[in-house]
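Just so it is clear, the values below take in all heavy atoms, side chains as well, and ignore hydrogens, waters and symmetry mates.
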Amino acid sequence: MNDGIGELAGRRLRTFGRRKMMPRACVADSKRHLRAFMSEVLEDLGFVTSECSGASELQTMLASELPDLILLGIAADGIEPGQFLEILVREGFDGKVLAVGARDSIIVKAVQQVGEEYGLSMLPPLTTPFAADTLRERVAMLLPEEPAPSPAVHVGEALHAGWLELWYQSKIDARSLVRRGAEALVRMRHPTWGVVPPAYFIPEEHDPHFRDLSEFVIERALQDWHYLLERQSAVDLSINLPTPYLKEPQAVRDLCRRMPMHPAFGGLTIEIASNEAIHDLHFLTEIAREMSFHNIGLSVDNLGANWPELMGLDKIPFIKLKADRQFVTGCADDRLKRTVCRHIVELAQGYGARAVAEGVESRADLMAVNELGFDLVQGYLFGKPMPLKKFARSALTRTVMGQE
């Protein structure tokens, strides 16, 4: 290894150990769909990924960044693995190499042997088909020991750099198990930390970028709605907005003006955190009528032990009440959780709203919320939140319990 690359690699690895940065992986495969699939699997494990389809792309990639892992897809009609190995040796690559190919493949065995003879750090090959846990075991030494802390980046920088995107989680009819909509969840795809959940970057109310983030969510969700319409069919979307944003001058009017005029548009649901919904009930009641004329409905998010505060009202401005995941997950075996969920369902039915259970992660919980009378469910049992393109590829009406 030449001194320049060796020094850079050492510096990068020391930084990785100190800051718990997300590891980087390059997926090398000639087939585009396989690169996309493997990249998604690695991103779910916490990797920041890049892709290359040929030797020249690998050469260019190594000149600009030093990944911790090269995942080398091997097939008889695929890339030339010998060229890839030669480039890795020539560039002094000191990360891990993971060959992926068919079980008992002669080519995979040859790549493994030659790579080891070249002095590359070859991980045990991954044979197809494989389970996600098997891949995790192969790359466990590269994963941070703890979740990444708040990244050293402000949401304003993320907005300017284009690092923010919306991921989608399906909402499922509790009885037919058919998808009835999806919730948009903001994520940051940081170049160092990888995919970062909102807990690490959502600004405080006084932050000047608070409004900008809300505007981004609205604009991107509407763009994504058109994208989904073109690729499968219309999907009713829900987005999360804070009441302070809705109180901004012209915010509600501008939101109503943006709604698609397309006949397939089934409406947009604005989810409001339960503490804000209860505190600003009068204001939300005032704007709900205007919004309903533009096919926009309001929903209470993460409703839990505070459900009694919505009792005894003549009416509420909400079309949905969503039970907090902490009371849904495990409700099949927890009497207290079931009691809270039952009251939320009864509250929704009393006001003519739909009851939504978030956090359904097992078949037992699904059976429980179904018996309780929830109208819609969402949770890991039906799939984690996923990037737009992956969500668009998912089947519209698959009803296999436990999958989406």
Side-chain angles (χ1 to χ4, degrees), residues 150-151 153-169 181-191 195-230 234-262 265-277 279-280 283-284 286-302 317-320 385-389 391-392:
S150 178
V153 60
H154 191 272
V155 66
E157 181 183 355
L159 284 164
H160 179 74
W163 293 336
L164 297 185
E165 56 191 66
L166 294 184
W167 287 27
Y168 293 90
Q169 184 176 40
E183 179 181 1
L185 303 162
V186 67
R187 295 289 186 267
M188 178 194 297
R189 195 180 293 273
H190 192 273
V195 176
V196 180
Y200 294 115
F201 64 84
I202 292 294
E204 298 294 333
E205 180 181 336
H206 62 272
D207 191 297
H209 294 95
F210 188 80
R211 177 185 176 88
D212 294 337
L213 180 60
S214 297
E215 292 282 345
F216 165 82
V217 170
I218 296 169
E219 188 63 29
R220 181 59 58 85
L222 294 177
Q223 291 176 9
D224 292 351
W225 181 85
H226 285 286
Y227 178 91
L228 293 170
L229 179 64
E230 293 173 357
V235 178
D236 293 343
L237 298 182
S238 300
I239 62 175
N240 294 271
L241 290 179
T243 51
Y245 168 76
L246 295 175
K247 290 180 178 180
E248 293 267 346
Q250 301 296 316
V252 172
R253 186 168 298 178
D254 290 343
L255 177 62
C256 292
R257 190 181 300 119
R258 293 180 182 182
M259 292 302 101
M261 301 301 292
H262 196 287
F265 181 64
L268 179 71
T269 300
I270 306 298
E271 298 194 10
I272 309 291
S274 62
N275 59 329
E276 294 183 4
H279 180 267
D280 292 302
F283 165 74
L284 295 173
E286 288 183 343
I287 66 172
R289 180 178 176 83
E290 177 184 356
M291 298 174 80
S292 66
F293 289 139
H294 298 272
N295 222 352
I296 303 173
L298 297 177
S299 171
V300 178
D301 194 14
N302 62 278
F318 310 111
I319 62 172
K320 297 186 183 78
M386 60 187 75
L388 173 65
K389 292 182 179 179
F391 181 78

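The two atoms that bring D236 and G266 nearest to each other are OD1-CA, 3.3 Å, heavy atoms only. For L159 against F216, the heavy-atom pair with the smallest separation is CD2-CB, 3.8 Å. Smallest separation of non-hydrogen atoms from T243 and F283: O-CE2, 4.3 Å. A pairwise comparison of heavy atoms in P317 and L298 identifies O-CB, 3.7 Å as the closest pair.
Considering only heavy atoms from C-beta on, S214 stays 4.5 Å or farther from E248 through its side chain. In this structure, the side chains of W225 and L229 come closer than 4.5 Å at one or more pairs of heavy atoms. Between L246 and I272 the shortest side-chain heavy-atom distance falls below 4.5 Å. Counting only heavy atoms from C-beta outward, the side chains of E276 and P244 approach each other to under 4.5 Å. Side-chain contact check for L241 versus I218: some heavy-atom pair is nearer than 4.5 Å. Looking at heavy atoms from C-beta onward, V235 lies out of side-chain contact with Y168 at the 4.5 angstrom threshold. Under the 4.5 Å side-chain criterion, counting only non-hydrogen atoms from C-beta, Y245 is not in contact with L255.
Distance check: L185 CG to S238 OG gives 9.5 Å after rounding to the nearest 0.5 Å. With rounding to the nearest 0.5 Å, the separation of CG in N275 from CG in N302 is 7.0 Å. Rounded to the nearest 0.5 angstrom, H209 NE2 and E215 CD are separated by 13.0 Å. From L268, atom CG reaches atom CE of M291 across 7.5 Å, with rounding to the nearest 0.5 Å. N295 CG to M259 CE: the interatomic distance, rounded to the nearest 0.5 Å, is 9.0 Å. Put simply, CG on L284 and CD1 on I270 are 11.0 Å apart, with the number rounded to the nearest 0.5 Å.
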_CA sep, side-chain torsions, deciding dist, call: E219, R258, side chain to side chain contact (heavy atoms under 4.5 Å, CB included)_ = CA-CA 8 Å; E219 188 63 29; R258 293 180 182 182; 4.0 Å; yes
*What's the verdict on side chain to side chain contact (heavy atoms under 4.5 Å, CB included) for L166 and L388, showing C-alpha distance, side-chain angles and the deciding distance?*
CA-CA 7 Å; L166 294 184; L388 173 65; over 6 Å; no
*Evaluate the criterion side chain to side chain contact (heavy atoms under 4.5 Å, CB included) for residue pair K320 and T269; output intermediate values, then yes/no.*
CA-CA 9 Å; K320 297 186 183 78; T269 300; 3.3 Å; yes
*Applying side chain to side chain contact (heavy atoms under 4.5 Å, CB included), run through L228 and F391 and close with a yes or a no.*
CA-CA 9 Å; L228 293 170; F391 181 78; 3.8 Å; yes
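Heavy atoms of other residues, nucleotides or ligands lying less than 6.0 angstrom from NZ of K247 number more than 12. No more than 12 heavy atoms of other residues, nucleotides or ligands lie within 6.0 Å of CZ in R253, so this atom counts as exposed by the packing criterion. No more than 12 heavy atoms of other residues, nucleotides or ligands sit less than 6.0 Å from atom NE2 of H160.
The closest side-chain donor-acceptor pair between N240 and E183 falls under 3.5 angstrom.
Listed by chain and residue number, W167, R189 satisfy the side-chain hydrogen bond (donor to acceptor under 3.5 Å, both in side chains) test with E165 (two or more places apart in sequence, or in another chain).
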